[in-house]
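Contents: one structure, followed by commentary.
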Protein chains: 2
Amino acid sequence: MSKIKKTTIQDVAKYANVSSGTIDRVIHNRGKVSPAKKKKIEEAIKHLNFNPNLLARTLALGKQFMICSLLPESVISQNYWSLPRRGIMQSAEKYKDFGIVLEAYEYSLFDEESFVKQAQIIIDKNPDGVILAPLFEKESISFTQALEEKNIPYIFIDANIPDQNNLSYIGPELKNSGYIAGKLLNSILNMNDDILIVNMVKGIENSSHVWVIEDGFREFFDSNNYTNDRKINSLTIHTTDETEVTRELTKYYIKNPGVKGVFVTNSKAHLISEFHRAHELDGKVIGFDLIEENIASLKNGSIDFLISQNPVFQGGQAVQMLFDYFVYKKTPTEIQYVPLDIIIKENVDFYLNSQ
Amino acid sequence: MSKIKKTTIQDVAKYANVSSGTIDRVIHNRGKVSPAKKKKIEEAIKHLNFNPNLLARTLALGKQFMICSLLPESVISQNYWSLPRRGIMQSAEKYKDFGIVLEAYEYSLFDEESFVKQAQIIIDKNPDGVILAPLFEKESISFTQALEEKNIPYIFIDANIPDQNNLSYIGPELKNSGYIAGKLLNSILNMNDDILIVNMVKGIENSSHVWVIEDGFREFFDSNNYTNDRKINSLTIHTTDETEVTRELTKYYIKNPGVKGVFVTNSKAHLISEFHRAHELDGKVIGFDLIEENIASLKNGSIDFLISQNPVFQGGQAVQMLFDYFVYKKTPTEIQYVPLDIIIKENVDFYLNSQ
DNA sequence: TTTAAACTTGTGTGCGTACACATTTTTTAA
DNA sequence: TTAAAAAATGTGTACGCACACAAGTTTAAA
């Protein structure tokens, strides 16, 4: 194996007839360097194709970068929010020797107060960067304003608030995800099968993203004229509690026995599929996210499609972006949409293994 | 930002009342250490939760790891094999400061001789690890035998040869990919639409994987009794040259005008979809891989589904695995199936951006 | 011409680990 | 009991870079 010697600062110094300190000054343009030497050094760097060794740099720097994440809590170990959290933690672990230190905070989706409280704790911590799932819009904006005052960069994941000064948004293109759901559901229905859209939202204020998804879904049917022979209704349920959901569904199904396809706009599709199984209904179901209950339903055939927005990947990307921003001063793309994975019974296992 | 001091070898040394050299001996079990001290040191490591700093270790080690890859050539910049190559190169670039050096070799799919020749060059290079797409089975086995004699680990990607001593196989589960194709194609066909399977293989010997895919495809229809009202024929074409393919297709379509769905078992689905467009046929098409021509056809609607086996990811994983093997002595899982991404017009862009 | 100020450049140490070599301690054989 | 051999342990330097500080050089004011 032939040794390929990488060029170091010393090589550059020798080539340019200066000491390593002067090279350092040029690289970080710190301190004064005479124009003649500066030019020569720059030429030397280019000529020798010098790239600072990231390991040595990080080691010498000895700096730590604290990242705080603020996501909804995952009481049950396997709910949706455990997934981006896993991605964040895996990625932070990978970069720990590079000085990345992660502190993960959680808020309750039922309690704006908890968000505000945790946000304040983060602000007091004075981190180097923040990863935020901004599901409470108003409170999130207050939070990010405070961060901006302290010059702390922040990244939104999973949900976006437009026109903020976030470093980046990493997450799904919501409208499109609805459109894809429409296309997929349509492909396994007959022309005149009725469709039900189920939205589960706690409060009206912080649920705008649900309407965007529904919009996309309906757009598929409208733009392809698949609406003539069928009804497409939507049902909004203000809870995710199983018994209450069941009650609402029962009410609806009795009045609308023609429903053959159901689209659930959040990760709770399994509630509908379990309802179907319990009542021996054969409706097709499509929903979001690879959480445990959904996976089980997908495998037993009571859910037909899941769309996954790569939550583990989202979390990992966010950490990676902040790392690149800290170390390389690389400003990330403002919006990074994640792939919308189409999951069926036959390929679900491959996704579980690789995340 | 509170500084979180990581425990170092010196901390462990102090705690266990020995010098750092002895710690080193325990960690790498090199040299002799008295049982008493050894026990104490191990306790200290656990107690202080010591993890060697990867950066410092790599820097001090100063070792280089040469990885040679051997894949089919990509004459056109955008054919399929450029994708795993990109993954390999990106990943190698990422790890270059860790001593990873990549040399990429290519062979012609039309020429076993070129494979043998390149393989010999790699053997003479005496690399630390090899990434191989073993499309020529016989020649690949000779190659890997030579590698084994020199104790060089190797990884198969994209295609597998069973019962070899490869460190790992990273690639698709072929039979399943055919099954998924069947399911998807069926979802957009009517019960009595005829189906055509197109295999393009150069020689009989090295094309067994194509039959596995076809098997999986047919299994979907057999196991679901979707075969009664339709014909499912397969057409084998011994070239990928466009004019010849067109001629074969023309011959077939004239004799079999009922074809409404086409499954292409390699990355050349665009040849069929272009044929359809040219002759104003409205058959549905499903194929493999996000290469440029397929993407174009998908977007203009002449291909309906593509299944992507994440070639960029495959390449990246292979490098990552070898790195982990070199540095952490981590033996990878023997088989790592990659996700089979289902790509439609509406989500293709998200996949292009993130790979 | 002298001298301080301003500017420019060089030197040395530390980051955490690996490893060769030096030193100390223990064991063994005479 | 002692010397030599063997075993156990300690020390110092290198890896490539950043940064504080020292040293050297030029400029400007007196």
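Here is how names work: the chains are called A, B, and so on, in the same order as the sequence lines, proteins then strands, and each is numbered from 1.
- Within the helix from C:dT1-D:dA30 to C:dA30-D:dT1, the inter-axis angle between the opening and closing five-pair segments is 60°, rounded to 10°.
- A:Tyr107 and A:Ala133 get closest at one heavy-atom pair: OH-O, 2.6 Å.
- At a threshold of 4.5 Å between non-hydrogen side-chain atoms, the residues B:Asn53 and B:Lys6 do not count as touching.
- Between B:Asp324 and B:Pro332 there is no side-chain heavy-atom pair separated by less than 4.5 Å.
- In this structure, B:Arg25 reaches the bases: a heavy-atom distance under 4.0 Å links it to at least one base atom across the strands shown.
- In this structure, A:Leu54 places its CG atom 19 Å from P of C:dC15, rounding to the nearest Å.
- Nearest nucleotide to the side chain of B:Ser34, out of D:dT9, D:dG16, D:dC17: D:dT9.
- Counting non-hydrogen atoms of other residues, nucleotides and ligands closer than 6.0 Å to NZ of A:Lys38 gives a total of 12 or fewer.
- Taking every heavy atom of both residues into account, A:Thr7 and A:Asn49 meet most closely at OG1-O, 3.9 Å.
- Side-chain contact between A:Leu352 and A:Asp349 is present, with at least one heavy-atom pair separated by less than 4.5 Å.
- Here the side chains of A:Trp81 and A:Pro311 are not in contact, with every heavy-atom distance at 4.5 Å or above.
- C:dT8 atom C1' lies 14 Å from atom NZ of A:Lys38, rounded to whole Å.
- Between the CZ atom of B:Phe98 and the P atom of C:dG16 there is a distance of 16 Å, rounded to whole Å.
- Nearest heavy atoms, A:Gln64 versus A:Asp128: O-OD2, 3.7 Å.
- Checking C:dT9, D:dC17, C:dA18 against every side-chain atom of B:Arg57, the shortest atom distance belongs to C:dA18.
- What separates NZ of B:Lys32 from C1' of C:dT27 is a distance of 15 Å, to the nearest Å.
- Of the residues in residues 13-24 of chain A, those lying under 4.0 Å from DNA chain D by heavy-atom distance are A:Asp24.
- B:Glu43 has no carboxylate O lying under 4.0 Å from a charged side-chain N of B:Lys40, or vice versa, which leaves the two without a salt bridge.
- Regarding A:Arg30, its CZ atom lies at a distance of 18 Å from the P atom of C:dC7, rounded to whole Å.
- Spacing between atom CG of B:Leu48 and atom C1' of C:dG16 amounts to 15 Å, rounded to whole angstrom units.
- Nearest heavy-atom pair, B:Ile41 versus B:Ala16, reported as atom, atom and distance to 0.1 Å: CG1-CB, 4.0 Å.
- Taken to the nearest 0.5 Å, the CD1 atom of A:Ile100 stands 6.5 Å off from the CZ atom of A:Phe65.
- Remark: P of D:dA18 and CG of A:Leu55 are 12 Å apart, rounded to the nearest angstrom.
- Closest contact between the side chain of B:Leu61 and the listed nucleotides C:dC19, C:dT9, D:dA18 involves C:dC19.
- B:Asn126 places a side-chain heavy atom less than 4.5 Å from the side chain of B:Ile152.
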Below 3.5 Å between N/O atoms, which protein atoms pair up with nucleotides 26-29 of chain D? Just atom names and distances, please.
none

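- Counting to the nearest Å, the P atom of D:dC17 and the CD1 atom of A:Ile27 are 7 Å from each other.
- Relative to the side chain of A:Ile9, the nucleotides C:dC19, C:dT17, D:dA18 differ in distance, and D:dA18 lies closest.
- Contact annotation for B:Lys37: backbone-only contact, meaning every heavy-atom pair under 4.0 Å involves sugar-phosphate atoms and none involves a base.
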